[in-house]
Amino acid sequence: MTDFRAERIGIANASRLLGVPVTELKDAVNKGEPLRGVIPPQPIVRAGVNQRSMLFLAGDVMDCAEAMSRPSST
């Protein structure tokens, strides 16, 4: 049995897990900016024309989603 955290997932599934639109995730990753106050997961693979296709480790996305769900300290 494989560990889901080690699975590679595409940007569409990553954005679903994070609860954000694909374009918002792409922008945060490409610009190196926080995603709703949290450092976004970094793609492990960029492919396709202009490297637009991204693959993430599910565990990195899950960690980001957990950080996004925590109340901010402001």
Side-chain angles (χ1 to χ4, degrees):
M1 186 162 110
T2 62
D3 179 18
F4 178 69
R5 293 184 61 82
E7 293 290 319
R8 295 177 179 193
I9 61 172
I11 194 158
N13 286 327
S15 69
R16 278 190 206 101
L17 283 173
L18 295 169
V20 299
V22 170
T23 54
E24 187 176 351
L25 176 56
K26 273 187 182 180
D27 285 346
V29 169
N30 288 331
K31 294 177 182 176
E33 296 177 347
L35 176 67
R36 301 191 181 183
V38 175
I39 296 171
Q42 294 303 301
I44 57 168
V45 175
R46 289 181 185 237
V49 177
N50 298 324
Q51 296 187 339
R52 289 185 179 184
S53 297
M54 300 178 194
L55 290 177
F56 299 86
L57 286 177
D60 293 347
V61 176
M62 291 165 50
D63 292 344
C64 182
E66 182 179 331
M68 288 172 61
S69 70
R70 290 186 203 126
S72 69
S73 57
T74 58

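Here, residue 1 is the first one in the sequence, and each next residue gets the next number.
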Side chain proximity check, Asp60 to Gln42, heavy atoms < 4.5 angstrom: no
Validation row: Asn30, Arg46 side chains within 4.5 angstrom (heavy atoms): yes
Sequence neighbours left out, what passes side chain to side chain donor-acceptor pair (under 3.5 Å) with [X]? Give chain and number order.
X     : answer
Glu66 : Arg70
Arg5  : Asp63
Asn13 : Arg16
Glu24 : Arg36

For [X], check side-chain contact (heavy atoms from CB on, under 4.5 Å) against everything at least two apart and list the hits.
X     : answer
Leu17 : Ile9, Val61
Val38 : Cys64, Ala67, Met68
Ala28 : Leu35, Pro40

Heavy-atom closest pair, residues Phe56 and Pro43: CE2-N, 3.6 Å
For the student: nearest non-hydrogen atoms of Pro41 and Val29, plus distance: O-CG2, 3.6 Å
Members besides Val45 in its Ile/Leu/Val/Met/Phe/Trp/Tyr cluster (side-chain heavy atoms under 4.5 Å): Ile44, Leu55, Leu57
